[in-house]
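Here's the structure we're looking at; comments come further down.
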Amino acid sequence: MKFLVLGSAAGGGLPQWNCGCPNCRAARAGEIPAATQSSLAVSGADGQWSILNASPDIRAQMQASVALHPQGLRGSPLRSVLLTNGDIDHITGLLSLREQTPFTIFATRELLDILAQNPVFDAVSSELVKRQIVALEAGFELHDGLQACLFAVPGKVPLFLEGDSVQTDLVGEQTVGVRLNDGRKVAYYIPGCAVVDDALLGRLADADFLFFDGTLWRDDEMIRSGTGQKTGQRMGHMSISGPEGTIARLSGLARPRKLFIHINNTNPVLDPASPERAEALAAGWEITRDGMEVDL
């Protein structure tokens, strides 16, 4: 099993087009690496690839990844796209994959309903691109030799589906994690999570690799920076730091290699010289970057 980080940033990327926060200024100046929106590609021993979440930047991400280039006049080593939620930064890349090449979209019924209710996604040919409903806790083959299983994690509905009241730790089909197994190693991909409860902590005990939600360092980060009015909890993302943060809650997992992905432009861990980055590294975590290869 091999992973390729196509995009490591949260929605909007780094730098965001309308943001002048310290990280965005530094990225524009080339002082810290820029990053595209979160997407992860995975391959088994057969050289076929699946993409976990199709970000709006997927065309440029695939262009930058030689392993995903066409191997003939027309075609692709891409066999499937798996969706973990219906956020704009995870589904709109499907529209860039509409050029009449077959692959399969795997998602829960509720996530596929989001696509079905928006006719713009009809541009992705249903004759060539199969939409496969996946039940929670039911194993399935992502592509040859690579088994996957979706499970619910605390989260919320996409921003564009929010009503007057929003449950930010909803457990259901709207936010899921992925367990991947190639028969030798086990990996988990959870780019959005509102809280690590005991059930999730127990589930991760068999992980060899873990890609996890690294959106914010602290819950009120966007408010403090002046870039927004929402807390991380309001957005359905837990914080990296703090007594109930990711580092603390997952500190007992000594087995897996742990990597943060889906990192917001305001997060200080993006700065290699920051004390927050040093703290995360000292706790055994890695910070993903675009183009990063992880071989199990």
Side-chain angles (χ1 to χ4, degrees), residues 3-17 19 21-28 31-41 52-53 55-58 60-61 64 84-85 87-90 93 153 155 159 175 177 188-194 196 209-225 227-228 230-242 245-250 257-294:
F3 289 94
L4 178 58
V5 179
L6 301 181
S8 56
L14 175 74
Q16 287 189 2
W17 69 278
C19 187
C21 74
N23 281 342
C24 286
R25 294 198 306 269
R28 288 191 185 97
E31 296 168 358
I32 64 174
T36 58
Q37 295 168 92
S38 175
S39 186
L40 185 66
L52 312 181
N53 290 324
S55 92
D57 303 314
I58 196 167
Q61 292 169 342
T84 66
N85 63 29
D87 288 343
I88 287 173
D89 55 319
H90 283 162
V153 296
L159 176 64
T175 304
Y188 286 85
Y189 173 62
I190 308 173
C193 186
V196 172
F209 276 71
L210 172 62
F211 294 88
F212 197 83
D213 183 353
T215 305
L216 299 176
W217 178 258
R218 56 186 302 161
D219 190 55
D220 62 351
E221 182 176 302
M222 293 181 64
I223 298 172
R224 283 173 172 260
S225 67
T227 58
K230 293 181 180 179
T231 63
Q233 280 296 303
R234 173 60 182 80
M235 295 188 295
H237 295 285
M238 65 187 297
S239 304
I240 292 177
S241 65
T246 306
I247 289 177
R249 287 293 291 156
L250 298 181
R257 180 177 173 184
K258 297 178 285 190
L259 306 99
F260 283 121
I261 197 167
H262 193 275
I263 305 168
N264 198 57
N265 63 303
T266 56
N267 195 324
V269 299
L270 292 170
D271 181 356
S274 70
E276 292 85 357
R277 168 78 76 109
E279 183 177 338
L281 296 181
W285 285 83
E286 299 176 53
I287 311 301
T288 57
R289 61 186 184 279
D290 287 25
M292 181 178 184
E293 295 185 9
V294 179

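Because the structure is a prediction, the values reported are computed rather than measured. Along the sequence shown, residues carry numbers from 1.
For Ser55 (side chain) and Ser38 (main-chain N/O), no donor-acceptor pair under 3.5 Å exists by modelled atom type. Judged by distance alone, with hydrogens and angles left aside, the side-chain atoms of Gln16 form no donor-acceptor pair with the main-chain N or O of Gly12 at under 3.5 Å. One N or O on the side chain of Ser39 and one on the backbone of Asn53 form a donor-acceptor pair closer than 3.5 Å.
The distance from atom CG of Asp219 to atom CE of Met238, rounded to the nearest 0.5 Å, is 10.5 Å. The CD1 atom of Ile223 sits 11.0 Å away from atom OG1 of Thr266, with the distance rounded to the nearest 0.5 Å. Taking CG of Asp271 as the start and CD1 of Ile287 as the end, the distance is 11.5 Å to the nearest 0.5 Å.
Minimum interatomic distance between Asn265 and Cys24 (heavy atoms only, all atoms of both residues): ND2-SG, 3.4 Å. Between Cys193 and Asp213, the closest heavy-atom pair is N-OD2, 2.9 Å. For the residue pair Thr227 and Ser225, the shortest heavy atom distance occurs at OG1-OG, 2.8 Å. Nearest heavy-atom pair across Gly192 and Val153 is O-CG2, 3.5 Å. Residues Asn264 and Leu270 approach most closely at O-CD1, 3.2 Å, considering heavy atoms.
Proximity of Leu259 to Met292: side-chain heavy atoms (C-beta onward) are separated by under 4.5 Å at one or more points. Residues Leu52 and Thr84 are not in side-chain contact: their nearest non-hydrogen atoms beyond the backbone lie 4.5 Å or more apart.
Within the 6.0 Å centre-distance limit, the rings of Phe211 and Phe3 are counted as a close aromatic pair.
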Might you work through the side chain to side chain contact (heavy atoms under 4.5 Å, CB included) test for Leu40 and Val5, ending with a clear yes or no? CA-CA 5 Å; Leu40 185 66; Val5 179; 3.9 Å; yes
With side chain to side chain contact (heavy atoms under 4.5 Å, CB included) as the criterion, how do Phe212 and Ile240 come out once you've worked through the C-alpha distance, each side chain's angles and the decisive distance to 0.1 Å? CA-CA 10 Å; Phe212 197 83; Ile240 292 177; over 6 Å; no
Apply side chain to side chain contact (heavy atoms under 4.5 Å, CB included) to the pair His90 and His262, showing each step before the final yes or no. CA-CA 11 Å; His90 283 162; His262 193 275; 3.8 Å; yes
Met222/Leu216 under side chain to side chain contact (heavy atoms under 4.5 Å, CB included): CA gap, chis, key distance, verdict: CA-CA 8 Å; Met222 293 181 64; Leu216 299 176; 4.2 Å; yes
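Just one of Asn267, Ile263, Asn23 meets the side-chain contact (heavy atoms from CB on, under 4.5 Å) condition when paired with Leu14; it is Asn23.
At a cut-off of 3.5 Å, with distance as the only test, no side-chain donor of Asp89 or Gln37 sits close to an acceptor on the other residue.
Contacts classified as side chain to side chain donor-acceptor pair (under 3.5 Å) and involving residues 275-290 (residues at least two apart or in different chains) are given here: Ser8-Asp290, Thr36-Asp290, Arg257-Glu286.
Residues satisfying the salt bridge (Lys or Arg N to Asp or Glu O under 4.0 Å) test with Arg234, not counting sequence neighbours, are Glu162.
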